[in-house]
There are 2 protein chains.
Amino acid sequence: MTEKKTRRRGQALVDAILTATWDQLQQKGYQNLTIEGVAKAAETTKTVLYRRWPDKAHLVIAALGKFGNLTPYTVPDTGTLRGDFLNLFGQLAAFLERLKGETLRGLLADRLQNLEVGKLLNHANQGNELKEIVQPMLDHAAARGEIAKAEWPDRVVTLPGILLINEVLSQQDLSEAAQIEMIDDILLPVFHADN
Amino acid sequence: MTEKKTRRRGQALVDAILTATWDQLQQKGYQNLTIEGVAKAAETTKTVLYRRWPDKAHLVIAALGKFGNLTPYTVPDTGTLRGDFLNLFGQLAAFLERLKGETLRGLLADRLQNLEVGKLLNHANQGNELKEIVQPMLDHAAARGEIAKAEWPDRVVTLPGILLINEVLSQQDLSEAAQIEMIDDILLPVFHADN
DNA sequence: AAATATAAGATACGGCCGTATCTAATTTGA
DNA sequence: TCAAATTAGATACGGCCGTATCTTATATTT
């Protein structure tokens, strides 16, 4: 007879659920993970889950926050804009390696229903705007005289993020070759443009 | 007594279903359109629909093909690369105006599960690769001596498409100001880069 | 015209979603 | 310490998915 009287509450319960979520994510992948399945695995019911997370995407994001080993990005300052971009992309590549491509793809597809592309990457990183990293890089480059100005339209400042998302969705990973090509063929020409 | 003996078959049936699909799409939008709902509206059953289209996305794409008034893009040749891009983006903007943003967003999100971003736009246009339009533009520009070379990495040639998709997903539409900014701030600097 | 092949339509299934409602365990605070 | 407030957990609902199975109307073939 399996006795089970005590009810978990609050953080203990949340922990159990997120553990189960992480578990299921490894076992079944994002697409095949279901709220009901997680509830069952955590020995609770979906009612409890829906009280805390509105949908699968949020639940998985929460689990990622707990187990994904995510580290906040830091603003690179290598002395050249190219070096900064390389460093930034390196940080992002490291982050992405922690996620299976399928998870990211599923997450993005789900979030796409509610969010704009530009916001997607941020949400993978606890709301840290990628822009807040790129802008200081541009400030430094402008201060060094490497580029003509530090102020660029939003569409341009967010370009690194756009390229990145596209790359990750197209390929599974973010190869070094891809990083270099994006930087040398696209980003640097854009920021070095003489206008 | 509503008599209904005759069974529709083949094209007649397909037409009825796609008409119902188009109808439902207007009434409920992509997200709230359901296969069962379309089946009911077309006075048939979902079994019949699943025999022809594997999922909602394909069904809606078929309806778009029939009622979306899509026209194939033509290769611009205005005499300048900038003019060509403007023309191309104009064509795309016209196309996108036929789709509600919500439809495109939903479609993209659904297709994202199975396709890479670069392929997405093509599928909206009967498989015409955007690349097949951009490349001739680059050939012309190179022949004119306007740009240094006609051969660019895939990542660069597909950049217009990436920018476009991102724009459409972020905003509802593709404003003229956005088009100009993408062209002048990003695309032209990239293709004019001296390397 | 009759036999055969094809495909429409009806029905039912298990699975999951997201919500609502109820109960009972646990915490709280008076 | 005991009543009140909170919240976990159970259950049930309607809706939709995607598949399978069966029937029966229509088309094809001979």
Side-chain angles (χ1 to χ4, degrees), chain A residues 1-21 23-25 27-63 102 106-107 109-114, chain B residues 1-21 23-25 27-63 102 106-107 109-114:
Chain A
M1 15 299 282
T2 58
E3 303 293 320
K4 208 183 321 151
K5 303 269 147 205
T6 90
R7 281 184 183 181
R8 298 155 298 184
R9 288 203 158 206
Q11 196 54 44
L13 180 55
V14 168
D15 286 350
I17 293 171
L18 292 184
T19 301
T21 303
D23 233 55
Q24 296 280 302
L25 192 58
Q27 285 179 31
K28 324 215 176 194
Y30 184 87
Q31 307 249 24
N32 296 320
L33 177 149
T34 68
I35 302 265
E36 288 196 351
V38 170
K40 183 164 302 185
E43 295 179 298
T44 177
T45 58
K46 59 180 172 168
T47 318
V48 175
L49 301 212
Y50 278 112
R51 275 184 198 124
R52 296 184 156 78
W53 303 278
D55 52 42
K56 177 160 89 167
H58 284 85
L59 175 61
V60 168
I61 287 171
E102 187 264 350
L107 260 182
D110 276 2
R111 303 289 283 163
L112 201 49
Q113 314 272 1
N114 316 309
Chain B
M1 342 256 169
T2 57
E3 303 293 319
K4 208 183 322 154
K5 302 268 149 204
T6 91
R7 280 184 183 181
R8 298 155 298 183
R9 286 201 157 209
Q11 196 53 46
L13 180 55
V14 169
D15 287 351
I17 293 171
L18 292 184
T19 301
T21 303
D23 233 57
Q24 297 280 302
L25 192 59
Q27 284 178 34
K28 324 214 174 190
Y30 185 88
Q31 308 248 26
N32 295 321
L33 177 148
T34 70
I35 303 266
E36 289 197 350
V38 170
K40 183 164 300 185
E43 293 180 297
T44 178
T45 58
K46 60 179 171 169
T47 318
V48 175
L49 301 211
Y50 277 112
R51 276 185 197 123
R52 294 183 157 80
W53 302 277
D55 53 40
K56 177 159 89 167
H58 284 84
L59 175 60
V60 168
I61 286 171
E102 186 264 350
L107 262 182
D110 277 0
R111 305 287 283 160
L112 201 49
Q113 315 272 1
N114 315 308

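Hydrogens, waters and symmetry mates play no part in the numbers below; they use all other heavy atoms, side chains included. Below, chain A is the first sequence line, B the second, and so on; all start at residue 1.
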K.L.:
C/dA8, OP1 or OP2 - any side-chain N/O from B/Arg52 closer than 4.0 Å?
P.N.:
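So the side-chain polar atoms of B/Arg52 do come within 4.0 Å of the phosphate oxygens OP1 or OP2 of C/dA8, strictly under.
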K.L.:
Please tell me if the side chains of B/Val48 and B/Arg51 come closer than 4.5 Å, counting only heavy atoms from C-beta onward.
P.N.:
yes
K.L.:
Taking NZ from A/Lys46 and P from D/dA8, how many angstroms apart are they, rounded to a whole number?
P.N.:
17 Å
K.L.:
Please determine if a side-chain N or O atom of B/Thr44 lies less than 4.0 Å away from the OP1 or OP2 oxygen of C/dG9.
P.N.:
yes
K.L.:
So for A/Arg51 and D/dG9, does any side-chain atom that can act as donor or acceptor lie under 3.5 Å from a complementary atom in the base?
P.N.:
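Donor-acceptor pair under 3.5 Å: yes.
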K.L.:
Whole Å only: how far is the CZ atom of B/Arg8 from the C1' atom of C/dA7?
P.N.:
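Spelled out: CZ on B/Arg8 to C1' on C/dA7 is 13 Å.
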K.L.:
B/Tyr50 OH to C/dA7 P: how many Å, rounded?
P.N.:
21 Å
K.L.:
Nearest 0.5 Å, what's the CG-NE2 distance between B/Leu107 and B/His58?
P.N.:
10.0 Å
K.L.:
Rounded to the nearest angstrom, tell me the gap between atom CG in B/Leu49 and atom C1' in C/dA8.
P.N.:
12 Å
K.L.:
Without decimals, in angstroms, what is the distance between A/Arg7 CZ and C/dA24 P?
P.N.:
9 Å
K.L.:
Write down the distance between CH2 (A/Trp53) and C1' (C/dC17), rounded to a whole number of angstrom.
P.N.:
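So the CH2-C1' distance, A/Trp53 to C/dC17, works out to 17 Å.
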K.L.:
State which of D/dC16, C/dC17, D/dT11 makes the closest approach to the side chain of A/Thr45.
P.N.:
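The nucleotide sitting nearest to the side chain is D/dT11.
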K.L.:
Roughly, in whole Å, what's the span from CD in B/Glu36 to P in D/dC16?
P.N.:
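After rounding, the reported distance stands at 6 Å.
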K.L.:
Pick the nucleotide of DNA chain C nearest each of B/Thr47 and B/Gly10; which residue has the one closer to the 5' end?
P.N.:
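Going by which nucleotide is closer to the 5' end, it is B/Gly10.
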K.L.:
What is the distance, to the nearest angstrom, from the CG atom on A/Asn32 to the P atom on C/dC17?
P.N.:
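Checked: the CG to P distance equals 11 Å.
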K.L.:
Does the base of C/dT6 carry an N or O that pairs as donor and acceptor with the side chain of B/Arg9 under 3.5 Å?
P.N.:
yes
K.L.:
Measuring from A/Leu49:CG to A/Leu18:CG, what's the distance to the nearest 0.5 Å?
P.N.:
9.5 Å
K.L.:
May I have all residue pairs that pass side chain to side chain donor-acceptor pair (under 3.5 Å) and include part of residues 28-37 of chain B, sequence neighbours excluded?
P.N.:
A/Gln113-B/Gln31, B/Tyr30-B/Asp110, B/Glu36-B/Lys46
K.L.:
I want to check something: taking the side chain as every heavy atom from C-beta on, are B/Thr21 and B/Gln24 in contact at a cut-off of under 4.5 Å?
P.N.:
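They are not in contact (no side-chain heavy atoms under 4.5 Å apart), so the answer is no.
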